[in-house]
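Take a look at the structure set out below.
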Amino acid sequence: MVTATFLLSAFSLILVGIFGMLTRKNIIRILLAVNILETGVNLLLVSFGYFRGGKAPIITAPISASNLPFVDPLPQALVLTSIVIGLGTTALALAITLRYYRRRRTLEFEPDEEDFASVEGARTLMRDSDDSTSVTEGKDLHPGSNVPSDREPAGAKERAK
Amino acid sequence: MEIWVVVLGVLMVVGAIAVLFQRSLRNSIITFGIISLMSALIMAMMKAYDVAITEASIGAVLTTAIFFWSLKRVEEDGYDEKK
Amino acid sequence: MNQAILLLLFPAAAALITPAGSALSERFGRGLALLSYIAGIVYGVVLYPQIAASPASVIVGNWKPPYGINLFVSPLSLGLVLLIYCVAIVILVSDFASNRKRRAQFYLLYSLLTMASVGLVLTADLFNMFVFLEIAGISTFALVAVGREGSGPAGSLRYLVLAQLTTLLMLAGIGLVYSATGVLNIASLSRFAALNPAVAFLAGLLILLPFFLEMKQFPFNGWIGGAYRGASPAIGATMSGLVTVSVAMVLARLLLTMMNTGSAFGDATTKIRTVVLVLGAATVLIGETAAFREKEIKRVLGYSSAGQMGMIAIGIAIASQSAVRGILFLLVSHTIAKVLLFLVAGTSARLSGSDRWDEMRGIARRFPLLGMLFAVGAMTLMGIPLFSGFWGKLDLIRAAIASGGLAVVGVVAVLIATVVEGVYFMKIAHAFFEAPAAAKSAPPESTKQHYGVAFLAPALVLAAATVILGVLPGLIDPWLSSATAELLHPASGYAAHIVTGGLQ
Amino acid sequence: MKRNNRLIINLFALVVVLLFGFISILAVTDGRSGLTMFSADLQHRVSYAFLLKSVSHPERASNATVEPGGRDYEDGAANVVTSVVVDYRMLDTFGEVLVLFAAAAGVGLLMTERKRVVEHDASIVVKTAVPLVMLFAIITGAYIVLHGHLTPGGGFPGGAIIASGFILQFLAFRESPKRLIFKILESLAGLGILAVGLVGLFVKGSLFANFIATGTLGATISAGTVLIIYLLIGIKVAAELASISGDFIGGEQRIGG
């Protein structure tokens, strides 16, 4: 019964995580949902390794084939790795989000593809810094001007039609 | 021990739903931190102490901290939830 | 034969040295990365005769599978590893032509991405595959995000969220398989006692999810547009050339070697292969029509990769002798042609100053060689005879007709897609060869730099490779037949070479 | 219009998610023959040999015995999870170390400059308390790393706790520390892990093979390379998490007060 509860709670965390990822618009909330999904999967893995009445797999007393009162150590090893991978991915995603915000001035994720397409495409490559690390070592692209790029080359939009 | 497992499980799922539907971003991050700690507790209940320590120190503390720092930097850069 | 793991460690060592080394000089990272790929190729070529004689199961830590992790180095995997390293070198060299000053972390991430692709091709353990998939993912997200200032981050975020969703569900699938069978090794699973059909179907699909995403299959390809617009041409070429090779190989490994009638996945295999076939056919149609509508050349190439990967998925799902031969040939020729087209796209975008192919009018008039290179790449993808793509598609279509049933739907999709492909490549070629627009032509100084040897050398090498492969497909016949034998007959070709210590 | 198309997306996603949940539960509780979710009990899993430390000769696992104080087992770690993470499945952990390495490099590459308005400095209380707390954090972290093979914990949580010590220092004392030290430490520790692996490859015949005697089970200095690798992982994780957090906290521009 206990294992079933672990499994069910882990599985419902996964479902809530997936639901959050599919429906939220704010990027930080989507990343929170990704972490909830990840916590759910980690719990699911650990509960796959759980045996009722088992002890932590640390050898403090003599054990033999007949007397192995342990839970399974392997899923714990997998989850150990998965947690740290989750941290790495979240840190990277948030760094990208900061850069996204620096440019788009919003945390809402659904960029209006078409509108941006005409601007992005029409802009000549020379003006646009193809790789921000080369132009300004991480500095703000247009120092001082806080004008989001969408409004800037209005002329380009007409020419692109 | 059964009761605690069921209570924690239900609390975590309710917390996870709360993270998605809370209005303020700051509250969602705090709720997420609490969920991570609860998941570390549940892992300890499953006798997975290695994973519980790792989940607590990395999953709960550092992930929540990084979320807060990003939120802080975005707010300094002019982000305002009310807008 | 455990030294073969060095194949994997060259780029890892280069990546690990880079932070400390980059303090010395800026160009340190770039030179080190190239050096490690060249070392990988030299070691691989030295190793090939020995591996061709007898494939090697490389174990880690002296623990035999299914307890420890093993890598399986066979002619198939070694051949693809060499292809990955060659593509990585070509792309890095072509990236010098762009005027971008790359920071040391760029090369560090690029080496990790290459190592992860090599690891995916070689590994024979499910969780190890998950870890390499994550390394490849993280490096790609960072490299895409550092691309175009405006759309780089947006494209990268969408790609990251979708990739995390599928990879974490794969982890759940791996947990389910482990909880049911007790092993994580592919060779053991390929001859394990049968799982319950429903569990096998669910776990099988969950494990394949991230590979559907990476191969741009239908329900998971929402990320292509943003990622390919945001990435710089070199990273677009990497995503379409380097990563797809390893991902397609892993899909073939899982779908043919791990899941077959005698395996743990037993009779759920046919159901899973039908799902892959249907998804592949849908992807081919959707991918090509999306490419048809696109205005930006990088996105056209991205969606055309989706179409090509759909064909490869169809070939894997048919799982007959000539189908697997066809898709392996198609995979090699697609990689070469797609990287060539990305090189051309990058250079013509730099020369004409815009990403949209309708703004690159007459560029082939000013640079005839550029036009010729584009034509070679396009014809290979379309499958025109005398170019390498033709043989792959021929085998695939012949196999699909021979196997009948749902595969015929696949054939119809492939044929329609080839027509659509032809139309939009013609449209782009027409724009290229049209009378040049009088207005803006880039100043001559930057022309030499963009059009210099750093672009021409790799592009010509790729074009030559495509033509040679097209004219004499027999060159890689021995490799193809041993690869097909390994994939289609896992008992004799794959599992037999893996000495396992008990427990199946 | 905006309101209800959000609603439609939410409802659609809810249906998809519930469908996925229903199908999975149905599949897992399917009655037909064949291995199901609970089929493999401990005896039938690879962990049976991990626990009884008889992976090199699994057929003799059934009569193997392991007890603290025993000498020269094939793997010397008392904490079996550590022996799985660092000895039996070391390639996973090496890959995972590279994941953190890529994340630190990615964050370093992408992090933008921070425009921070500083109103007031940390109070005197914080400034005196932080070095003390930092000391405890680093000692605790080091303890957890060094005892990874005996007690729960190890390189990853220990490294994170050490990193939290450094993070306190970033937050309390305004000037950002020279982060090059973390980059070099991270690179060297990573190379150290690779070096241990290569020595194992050339001395014992396969990568990350244990080339040091594993001593007595449960002793502080035991388990051969497991201790060394977990120490290097601890240093690397501490350096990486400190540099990632340092990038997020960002340097201080004294614009305000």
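Below, chain A is the first sequence line, B the second, and so on; all start at residue 1. Side chains included, hydrogens not; waters and symmetry mates left out as well; all remaining heavy atoms used.
- Counting heavy-atom pairs closer than 4.5 Å to chain D, the top residue among A:G54, A:A77, A:S12, A:P75 is A:A77.
- With a threshold of 4.5 angstrom between heavy atoms, D:P157 does not approach chain A through any atom at all.
- Contact annotation for D:V66: both backbone and side-chain heavy atoms come within less than 4.5 Å of a heavy atom of chain A.
- Proximity to chain D (any heavy atom under 4.5 Å) is shown, for A:A91, by both the backbone and the side chain.
- When heavy atoms are compared at a cutoff of 4.5 Å, A:F11 approaches chain D solely by way of its side chain, counted from C-beta outward.
- In this structure, D:T65 and A:S64 approach most closely via the heavy-atom pair CG2-CB, 3.7 Å.
- Counting all heavy atoms, side chain and backbone alike, A:L74 lies closest to D:S47 at CB-OG, 3.8 Å.
- Separation of atoms CG (D:L150) and CD1 (A:I59) is listed at 11.0 Å; rounding is to 0.5 Å.
- The nearest pair of heavy atoms linking A:A95 to D:M111 is CB-CE, 3.8 Å.
- The distance from the CZ atom of D:F156 to the CG atom of A:L87 is 11.5 Å, given to the nearest 0.5 Å.
- Here the shortest heavy-atom pairing between A:P73 and D:V80 reads CG-CG1, 3.7 Å.
- Most heavy-atom pairs under 4.5 Å with chain D: of the set A:A56, A:A61, A:S82, this distinction falls to A:A61.
- Counting only residues at least two apart or in different chains, salt bridge (charged side-chain N to carboxylate O under 4.0 Å, His left out) contacts with residues 95-108 of chain D are absent.
- Atom CG of A:L80 sits about 11.0 Å away from atom CG of D:D92, to the nearest 0.5 Å.
- Residue with the most contacts toward chain A among D:I9, D:T82, D:V84, D:L42: D:L42 (heavy-atom pairs, distance under 4.5 Å).
- For a residue to count as touching a neighbouring chain, one of its non-hydrogen atoms must lie under 4.5 Å from one of that chain's; by this rule A:F70 touches chain D with backbone and side chain alike.
- The structure places CG of D:L110 at 12.5 Å from CZ of A:R102, a figure rounded to the nearest 0.5 Å.
- Atom-to-atom distance recorded for D:D247:CG and A:L98:CG is 11.0 Å, nearest 0.5 angstrom.
- For D:S62, the side-chain contact (heavy atoms from CB on, under 4.5 Å) criterion is met by D:Y48, not counting sequence neighbours.
- Using a 4.5 Å heavy-atom cut-off against chain A, the contacting residues of residues 229-243 of chain D are D:Y230, D:L241.
- Residues A:F48 and D:M37 share a closest heavy-atom pair of CE2-SD, 3.3 Å.
- For the options D:V85, D:V81, D:V28, heavy-atom pairs under 4.5 Å to chain A are most numerous at D:V81.
- Ranked by heavy-atom pairs under 4.5 Å with chain D, the first of A:S66, A:A65, A:G49 is A:A65.
- Most heavy-atom pairs under 4.5 Å with chain A: of the set D:V107, D:T151, D:I244, this distinction falls to D:V107.
- Using a 4.5 Å heavy-atom cut-off against chain A, the contacting residues of residues 10-24 of chain D are D:N10, D:A13, D:L14, D:V17, D:F20, D:G21, D:S24.
- To the nearest 0.5 Å, the span separating CZ on D:F248 from CG on A:L94 amounts to 5.0 Å.
- Proximity to chain D (any heavy atom under 4.5 Å) is restricted, for A:T60, to the backbone atoms N, CA, C and O.
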**Report entry** Derivation and outcome, side chain to side chain contact (heavy atoms under 4.5 Å, CB included), residues A:V84 and D:L100
**Finding:** CA-CA 7 Å; A:V84 182; D:L100 252 186; 3.4 Å; yes

